[in-house]
Student: 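I have a structure here, written as C-alpha coordinates, and I will follow up with some questions on it.
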Amino acid sequence: MDLSELERDNTGRCRLNSPVPAVCRKQPCALGVDEAGRGPVLGPMVYAICYCPLSRLADLEALKVADSKTLSESERDRLFARMKEDGDFVGWALDVLSPNLISTSMLGRVKYNLNSLSHDTAAGLVQYALDQGVKVAQVFVDTVGMPETYQQRLQQRFPGIEVTVKAKADSLYPVVSAASICAKVARDQAVKNWKFVEKLQDSDTDYGSGYPNDPKTKAWLRRHVEPVFGFPQFVRFSWRTAQSILEKEAEDVVWDDSVAEDQEGVGRITAYFDEGLRSRTRLPHRSGI
(Lines give C-alpha, C1' and ligand atoms only; values in the text may rest on other atoms or scores of the structure.)
Protein backbone atom coordinates (compact mmCIF):
# COMPACT_ATOMS: atom_id res chain seq x y z
CA MET A 1 0.00 0.00 0.00
CA ASP A 2 1.46 3.33 -1.09
CA LEU A 3 1.17 5.80 1.81
CA SER A 4 3.68 8.29 0.40
CA GLU A 5 1.06 11.06 0.37
CA LEU A 6 0.50 10.55 4.11
CA GLU A 7 4.23 10.44 4.77
CA ARG A 8 4.66 13.79 2.99
CA ASP A 9 2.06 15.42 5.24
CA ASN A 10 0.63 13.54 8.22
CA THR A 11 -0.79 16.57 10.04
CA GLY A 12 -4.31 16.51 8.54
CA ARG A 13 -6.08 13.80 6.56
CA CYS A 14 -5.60 12.09 3.25
CA ARG A 15 -7.66 9.83 1.04
CA LEU A 16 -6.25 6.87 -0.87
CA ASN A 17 -8.04 4.59 -3.29
CA SER A 18 -7.70 1.76 -5.75
CA PRO A 19 -8.79 2.09 -9.37
CA VAL A 20 -12.52 1.49 -9.76
CA PRO A 21 -13.12 -1.86 -11.50
CA ALA A 22 -15.13 -1.40 -14.69
CA VAL A 23 -17.66 -4.00 -13.57
CA CYS A 24 -18.42 -1.93 -10.46
CA ARG A 25 -19.65 0.91 -12.67
CA LYS A 26 -22.04 -1.43 -14.48
CA GLN A 27 -23.38 -3.90 -11.93
CA PRO A 28 -25.08 -3.28 -8.56
CA CYS A 29 -22.48 -3.44 -5.78
CA ALA A 30 -22.29 -4.14 -2.07
CA LEU A 31 -20.07 -1.78 -0.09
CA GLY A 32 -18.67 -2.35 3.40
CA VAL A 33 -17.42 0.28 5.86
CA ASP A 34 -15.11 -0.24 8.83
CA GLU A 35 -12.32 1.51 10.71
CA ALA A 36 -9.06 0.79 12.50
CA GLY A 37 -7.48 2.81 15.30
CA ARG A 38 -10.53 4.43 16.86
CA GLY A 39 -9.44 3.78 20.45
CA PRO A 40 -5.63 4.25 20.61
CA VAL A 41 -4.00 7.37 22.04
CA LEU A 42 -1.28 7.11 19.37
CA GLY A 43 -1.44 7.32 15.61
CA PRO A 44 -4.16 7.92 13.02
CA MET A 45 -7.67 6.54 12.71
CA VAL A 46 -8.28 4.94 9.32
CA TYR A 47 -11.70 4.50 7.75
CA ALA A 48 -12.05 2.17 4.80
CA ILE A 49 -14.62 1.05 2.28
CA CYS A 50 -14.44 -2.05 0.14
CA TYR A 51 -16.92 -2.84 -2.62
CA CYS A 52 -17.66 -5.45 -5.26
CA PRO A 53 -20.61 -6.49 -7.43
CA LEU A 54 -23.38 -8.42 -5.70
CA SER A 55 -22.78 -11.14 -8.28
CA ARG A 56 -19.18 -11.55 -7.04
CA LEU A 57 -19.74 -11.61 -3.28
CA ALA A 58 -19.15 -15.36 -3.23
CA ASP A 59 -15.77 -14.78 -4.87
CA LEU A 60 -14.88 -12.23 -2.20
CA GLU A 61 -15.98 -14.64 0.54
CA ALA A 62 -13.86 -17.37 -1.06
CA LEU A 63 -10.78 -15.31 -0.23
CA LYS A 64 -11.62 -16.13 3.42
CA VAL A 65 -11.62 -12.50 4.50
CA ALA A 66 -12.40 -12.08 8.21
CA ASP A 67 -12.54 -9.44 10.92
CA SER A 68 -9.02 -7.99 10.92
CA LYS A 69 -8.78 -8.32 14.71
CA THR A 70 -8.89 -12.11 14.35
CA LEU A 71 -6.03 -12.17 11.84
CA SER A 72 -2.28 -11.85 12.24
CA GLU A 73 -0.43 -9.02 10.53
CA SER A 74 0.97 -11.40 7.92
CA GLU A 75 -2.50 -12.81 7.22
CA ARG A 76 -3.91 -9.31 6.76
CA ASP A 77 -1.09 -8.37 4.41
CA ARG A 78 -1.63 -11.56 2.40
CA LEU A 79 -5.37 -10.97 2.09
CA PHE A 80 -4.90 -7.33 1.10
CA ALA A 81 -2.46 -8.46 -1.60
CA ARG A 82 -5.08 -10.94 -2.83
CA MET A 83 -7.70 -8.19 -3.02
CA LYS A 84 -5.29 -6.10 -5.09
CA GLU A 85 -4.78 -9.07 -7.41
CA ASP A 86 -8.56 -9.29 -7.77
CA GLY A 87 -8.78 -5.62 -8.74
CA ASP A 88 -10.95 -6.53 -11.69
CA PHE A 89 -13.92 -6.83 -9.32
CA VAL A 90 -12.82 -5.50 -5.89
CA GLY A 91 -12.24 -1.82 -5.12
CA TRP A 92 -11.40 0.10 -1.96
CA ALA A 93 -10.82 3.59 -0.61
CA LEU A 94 -9.38 4.95 2.65
CA ASP A 95 -9.63 8.13 4.68
CA VAL A 96 -6.69 8.52 7.07
CA LEU A 97 -7.34 10.98 9.93
CA SER A 98 -4.25 12.20 11.74
CA PRO A 99 -4.00 12.34 15.54
CA ASN A 100 -3.68 16.11 15.25
CA LEU A 101 -6.92 16.42 13.29
CA ILE A 102 -8.78 14.16 15.73
CA SER A 103 -7.66 16.12 18.80
CA THR A 104 -8.17 19.59 17.38
CA SER A 105 -11.67 18.54 16.26
CA MET A 106 -12.58 17.22 19.69
CA LEU A 107 -11.15 20.20 21.59
CA GLY A 108 -12.20 22.97 19.23
CA ARG A 109 -14.41 25.88 20.25
CA VAL A 110 -17.21 24.09 18.43
CA LYS A 111 -16.97 20.50 19.69
CA TYR A 112 -16.81 17.75 17.09
CA ASN A 113 -16.89 14.49 18.99
CA LEU A 114 -15.35 11.26 17.81
CA ASN A 115 -18.69 9.63 17.00
CA SER A 116 -19.73 12.53 14.75
CA LEU A 117 -16.31 12.58 13.10
CA SER A 118 -16.57 8.82 12.50
CA HIS A 119 -20.09 9.01 11.09
CA ASP A 120 -19.21 11.86 8.75
CA THR A 121 -16.05 10.13 7.55
CA ALA A 122 -17.94 6.93 6.77
CA ALA A 123 -20.67 8.82 4.91
CA GLY A 124 -18.02 10.77 3.03
CA LEU A 125 -16.42 7.56 1.77
CA VAL A 126 -19.77 6.17 0.60
CA GLN A 127 -20.36 9.43 -1.27
CA TYR A 128 -16.84 9.23 -2.70
CA ALA A 129 -17.59 5.79 -4.15
CA LEU A 130 -20.79 7.13 -5.73
CA ASP A 131 -18.92 10.12 -7.14
CA GLN A 132 -16.39 7.73 -8.70
CA GLY A 133 -19.22 5.98 -10.52
CA VAL A 134 -19.54 2.89 -8.32
CA LYS A 135 -23.08 1.50 -8.66
CA VAL A 136 -23.70 1.12 -4.92
CA ALA A 137 -26.88 -0.82 -4.12
CA GLN A 138 -26.19 -2.02 -0.58
CA VAL A 139 -24.08 -0.58 2.24
CA PHE A 140 -23.02 -2.54 5.33
CA VAL A 141 -21.45 -0.65 8.25
CA ASP A 142 -19.82 -1.69 11.51
CA THR A 143 -21.59 0.54 14.00
CA VAL A 144 -20.26 3.41 16.05
CA GLY A 145 -22.77 4.25 18.76
CA MET A 146 -26.39 3.12 18.52
CA PRO A 147 -26.84 1.14 15.28
CA GLU A 148 -30.48 2.14 14.82
CA THR A 149 -29.70 5.87 14.97
CA TYR A 150 -26.65 5.52 12.76
CA GLN A 151 -28.55 3.46 10.18
CA GLN A 152 -31.39 5.98 10.09
CA ARG A 153 -28.92 8.82 9.54
CA LEU A 154 -27.19 7.03 6.66
CA GLN A 155 -30.48 5.90 5.12
CA GLN A 156 -31.71 9.49 5.07
CA ARG A 157 -28.53 10.64 3.34
CA PHE A 158 -28.58 7.79 0.81
CA PRO A 159 -32.30 7.07 0.26
CA GLY A 160 -31.78 5.01 -2.88
CA ILE A 161 -29.41 2.55 -1.19
CA GLU A 162 -30.23 -0.30 1.19
CA VAL A 163 -28.26 0.45 4.39
CA THR A 164 -27.51 -2.04 7.17
CA VAL A 165 -25.67 -0.95 10.33
CA LYS A 166 -24.83 -3.61 12.90
CA ALA A 167 -22.45 -4.29 15.75
CA LYS A 168 -19.73 -6.76 14.75
CA ALA A 169 -20.57 -6.26 11.09
CA ASP A 170 -16.92 -6.98 10.32
CA SER A 171 -17.51 -10.59 11.37
CA LEU A 172 -20.96 -10.88 9.72
CA TYR A 173 -20.47 -9.50 6.20
CA PRO A 174 -17.43 -10.36 4.03
CA VAL A 175 -17.47 -6.94 2.36
CA VAL A 176 -17.10 -5.30 5.80
CA SER A 177 -14.39 -7.80 6.73
CA ALA A 178 -12.53 -6.75 3.58
CA ALA A 179 -12.86 -3.08 4.56
CA SER A 180 -11.60 -3.95 8.04
CA ILE A 181 -8.49 -5.54 6.54
CA CYS A 182 -7.83 -2.52 4.32
CA ALA A 183 -8.14 -0.14 7.28
CA LYS A 184 -5.92 -2.20 9.57
CA VAL A 185 -3.18 -2.74 6.97
CA ALA A 186 -3.10 1.01 6.31
CA ARG A 187 -2.99 1.97 10.00
CA ASP A 188 -0.28 -0.57 10.82
CA GLN A 189 1.86 0.72 7.97
CA ALA A 190 1.22 4.35 8.92
CA VAL A 191 2.23 3.76 12.55
CA LYS A 192 5.29 1.72 11.62
CA ASN A 193 6.57 4.36 9.16
CA TRP A 194 5.40 7.49 10.98
CA LYS A 195 7.41 10.61 10.09
CA PHE A 196 7.75 12.90 13.11
CA VAL A 197 7.30 16.50 11.97
CA GLU A 198 9.07 17.59 15.16
CA LYS A 199 12.32 15.99 13.90
CA LEU A 200 12.90 14.30 17.24
CA GLN A 201 16.50 13.26 17.69
CA ASP A 202 16.22 10.35 20.08
CA SER A 203 12.64 9.15 19.66
CA ASP A 204 12.05 5.45 19.92
CA THR A 205 9.26 3.48 18.30
CA ASP A 206 8.60 1.03 21.12
CA TYR A 207 5.00 2.27 21.41
CA GLY A 208 3.33 -0.89 22.61
CA SER A 209 -0.22 -1.32 21.33
CA GLY A 210 -0.97 2.41 21.39
CA TYR A 211 -4.02 1.86 23.60
CA PRO A 212 -4.40 4.02 26.73
CA ASN A 213 -4.33 1.10 29.17
CA ASP A 214 -1.08 -0.36 27.80
CA PRO A 215 1.78 0.24 30.32
CA LYS A 216 4.31 0.32 27.47
CA THR A 217 2.28 3.01 25.67
CA LYS A 218 1.98 5.11 28.83
CA ALA A 219 5.72 4.76 29.46
CA TRP A 220 6.41 5.99 25.90
CA LEU A 221 4.13 8.99 26.48
CA ARG A 222 5.97 9.91 29.67
CA ARG A 223 9.32 9.64 27.88
CA HIS A 224 8.20 11.89 25.04
CA VAL A 225 6.30 14.70 26.73
CA GLU A 226 8.09 18.04 26.36
CA PRO A 227 7.50 20.41 29.33
CA VAL A 228 6.74 23.44 27.13
CA PHE A 229 5.54 22.08 23.78
CA GLY A 230 3.76 18.94 24.98
CA PHE A 231 3.57 15.84 22.80
CA PRO A 232 4.59 15.06 19.22
CA GLN A 233 1.68 15.18 16.77
CA PHE A 234 1.71 11.39 16.78
CA VAL A 235 -0.19 11.65 20.09
CA ARG A 236 -3.93 12.33 20.43
CA PHE A 237 -3.59 14.98 23.11
CA SER A 238 -7.37 15.07 23.61
CA TRP A 239 -7.26 11.59 25.17
CA ARG A 240 -7.50 11.54 28.98
CA THR A 241 -4.31 9.47 29.26
CA ALA A 242 -2.30 12.16 27.45
CA GLN A 243 -3.97 15.00 29.37
CA SER A 244 -3.15 13.39 32.72
CA ILE A 245 0.54 13.18 31.80
CA LEU A 246 0.51 16.81 30.58
CA GLU A 247 -1.00 17.98 33.86
CA LYS A 248 1.77 16.25 35.83
CA GLU A 249 4.78 16.88 33.61
CA ALA A 250 4.24 20.13 31.69
CA GLU A 251 5.03 23.69 32.72
CA ASP A 252 2.47 26.08 34.18
CA VAL A 253 0.87 28.49 31.74
CA VAL A 254 -0.89 31.86 31.84
CA TRP A 255 -3.08 32.66 28.83
CA ASP A 256 -2.02 36.13 27.61
CA ASP A 257 -5.36 36.82 25.93
CA SER A 258 -7.31 36.48 29.17
CA VAL A 259 -8.74 39.66 30.68
CA ALA A 260 -6.51 41.16 33.37
CA GLU A 261 -8.75 40.32 36.33
CA ASP A 262 -8.89 36.69 35.16
CA GLN A 263 -5.12 36.15 35.36
CA GLU A 264 -4.85 35.39 39.04
CA GLY A 265 -3.72 31.84 38.41
CA VAL A 266 -2.39 29.48 35.79
CA GLY A 267 -4.39 26.90 33.89
CA ARG A 268 -4.38 23.66 32.00
CA ILE A 269 -4.12 23.30 28.24
CA THR A 270 -7.67 21.94 28.22
CA ALA A 271 -8.93 25.15 29.87
CA TYR A 272 -8.05 26.99 26.66
CA PHE A 273 -10.71 24.98 24.84
CA ASP A 274 -13.38 25.50 27.48
CA GLU A 275 -14.80 29.01 27.59
CA GLY A 276 -16.62 28.13 30.78
CA LEU A 277 -13.38 27.42 32.55
CA ARG A 278 -11.69 30.48 31.09
CA SER A 279 -14.40 32.76 32.45
CA ARG A 280 -13.58 31.81 36.03
CA THR A 281 -10.53 32.36 38.21
CA ARG A 282 -8.27 29.33 37.92
CA LEU A 283 -6.22 27.53 40.50
CA PRO A 284 -2.65 26.44 39.70
CA HIS A 285 -2.32 23.40 37.48
CA ARG A 286 0.38 21.88 35.33
CA SER A 287 0.16 22.22 31.60
CA GLY A 288 1.98 22.24 28.26
CA ILE A 289 1.41 23.77 24.86
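In this text, all values refer to a predicted model and were calculated from it rather than measured experimentally.
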Student: Can you measure from NZ (Lys195) to CG (Asp9) and round to the nearest 0.5 angstrom?
Tutor: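 Reported to 0.5 Å precision, the distance equals 14.0 Å.
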Student: What's the shortest heavy-atom distance between Tyr47 and Ala122, and which atoms?
Tutor: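 For Tyr47 versus Ala122, the nearest heavy atoms are CE2-CB, 3.9 Å.
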Student: With a 3.5 Å distance limit and no angle check, can you tell me whether Thr70 reaches the backbone of Asp67 through a side-chain donor-acceptor pair?
Tutor: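 Yes.
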Student: Closest approach of Ala186 and Val46, non-hydrogen atoms and distance?
Tutor: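 Taking every non-hydrogen atom into account, CB-CG1, 4.0 Å.
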Student: Can Val163 be reached from Val175 by stepping across I, L, V, M, F, W or Y side chains whose heavy atoms are under 4.5 Å apart?
Tutor: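 As far as the 4.5 Å side-chain criterion goes, Val163 and Val175 are not connected within one cluster.
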Student: Classify the ring geometry of Phe234 against Tyr207: parallel below 30°, tilted from 30° to 60°, perpendicular beyond 60°.
Tutor: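 Aromatic pair Phe234/Tyr207 classed tilted.
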Student: Any ion pair linking Asp214 and Lys216 (charged N to carboxylate O, less than 4.0 Å)?
Tutor: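 Salt bridge: no.
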Student: Under the ring pair (Phe, Tyr, Trp, His ring centres under 6.0 Å) definition, can you give me all pairs with a residue in residues 166-191, not counting sequence neighbours?
Tutor: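 Listed by first then second residue: Phe140-Tyr173.
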Student: State the CD-OG distance between Glu73 and Ser68, to the nearest 0.5 angstrom.
Tutor: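 Output value for this atom pair is 11.5 Å.
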Student: Once you round to the nearest 0.5 Å, how far does OG1 of Thr121 lie from CE of Met45?
Tutor: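 Going from OG1 on Thr121 over to CE on Met45, the span is 5.5 Å.
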Student: Identify the heavy atoms of Ala48 and Leu125 that sit nearest to each other, and give their distance.
Tutor: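 Looking at all heavy atoms of both residues, the closest pair is N-CD1, 4.0 Å.
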Student: CG of Leu107 to CG of Asn113: how many Å apart, nearest 0.5 Å?
Tutor: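 Taking CG in Leu107 and CG in Asn113, the distance rounds to 11.5 Å.
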Student: Tell me the salt bridge (Lys or Arg N to Asp or Glu O under 4.0 Å) pairs involving residues 138-159, sequence neighbours left out?
Tutor: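 Sorted result for residues 138-159: Asp120-Arg153.
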Student: Does any donor atom in the side chain of Gln233 or Ser98 lie under 3.5 Å from an acceptor atom in the other side chain?
Tutor: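 Ser98 and Gln233 do not have a side-chain donor-acceptor pair below 3.5 Å.
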Student: Do you reckon Val90 sits in the same ILVMFWY cluster as Val20, going by side-chain contacts under 4.5 Å, direct or chained?
Tutor: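 Cluster IDs for Val90 and Val20 differ.
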Student: Verify the cluster assignment for Val134 and Leu94: are they in a single hydrophobic cluster under the rule of side-chain heavy atoms below 4.5 Å apart?
Tutor: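 Looking at the clustering, Leu94 is in a separate group from Val134.
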Student: Within this structure, what is the CG-SG distance for the pair Asn17 and Cys182, rounded to the nearest 0.5 Å?
Tutor: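 It comes to 11.5 Å.
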Student: Is there a continuous path of hydrophobic side-chain contacts, each under 4.5 Å between heavy atoms, that joins Leu42 to Tyr211?
Tutor: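 No, no single cluster joins them.
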Student: Rounded to the nearest 0.5 Å, what separation is found between the CG atom of Asp95 and the CZ atom of Arg13?
Tutor: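 Going from the CG atom of Asp95 to the CZ atom of Arg13 covers 4.0 Å.
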Student: Could I get the full list of ring-ring contact (aromatic ring centres under 6.0 Å, His included) partners for Phe89, not counting sequence neighbours?
Tutor: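 By the ring-ring contact (aromatic ring centres under 6.0 Å, His included) rule, Phe89 matches no residue at all.
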Student: Charged N to carboxylate O below 4.0 Å: is that the case for Asp188 and Lys192?
Tutor: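 Here Asp188 does not pair with Lys192 in a salt bridge, since their nearest N and O are not under 4.0 Å apart.
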Student: Check the pair Lys69 / Asp170 against salt bridge (Lys or Arg N to Asp or Glu O under 4.0 Å), numbers first and verdict last.
Tutor: CA-CA 9 Å; Lys69 295 185 289 296; Asp170 48 4; 3.0 Å; yes
Student: Do Ser244 and Arg240 pair up side chain to side chain, a donor and an acceptor below 3.5 Å, judged on atom types alone?
Tutor: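 Arg240 and Ser244 do have a side-chain donor-acceptor pair below 3.5 Å.
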Student: Is the CD atom of Glu75 crowded by more than 12 outside heavy atoms at less than 6.0 Å?
Tutor: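 Above 12, so yes.
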Student: Are Met106 and Leu246 connected into the same hydrophobic cluster when the rule is that any two of I, L, V, M, F, W, Y join if their side-chain heavy atoms are below 4.5 Å apart?
Tutor: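 Linked within one cluster.
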Student: Is the gap between the ring centers of Tyr150 and His119 under 6.0 Å?
Tutor: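 Yes.
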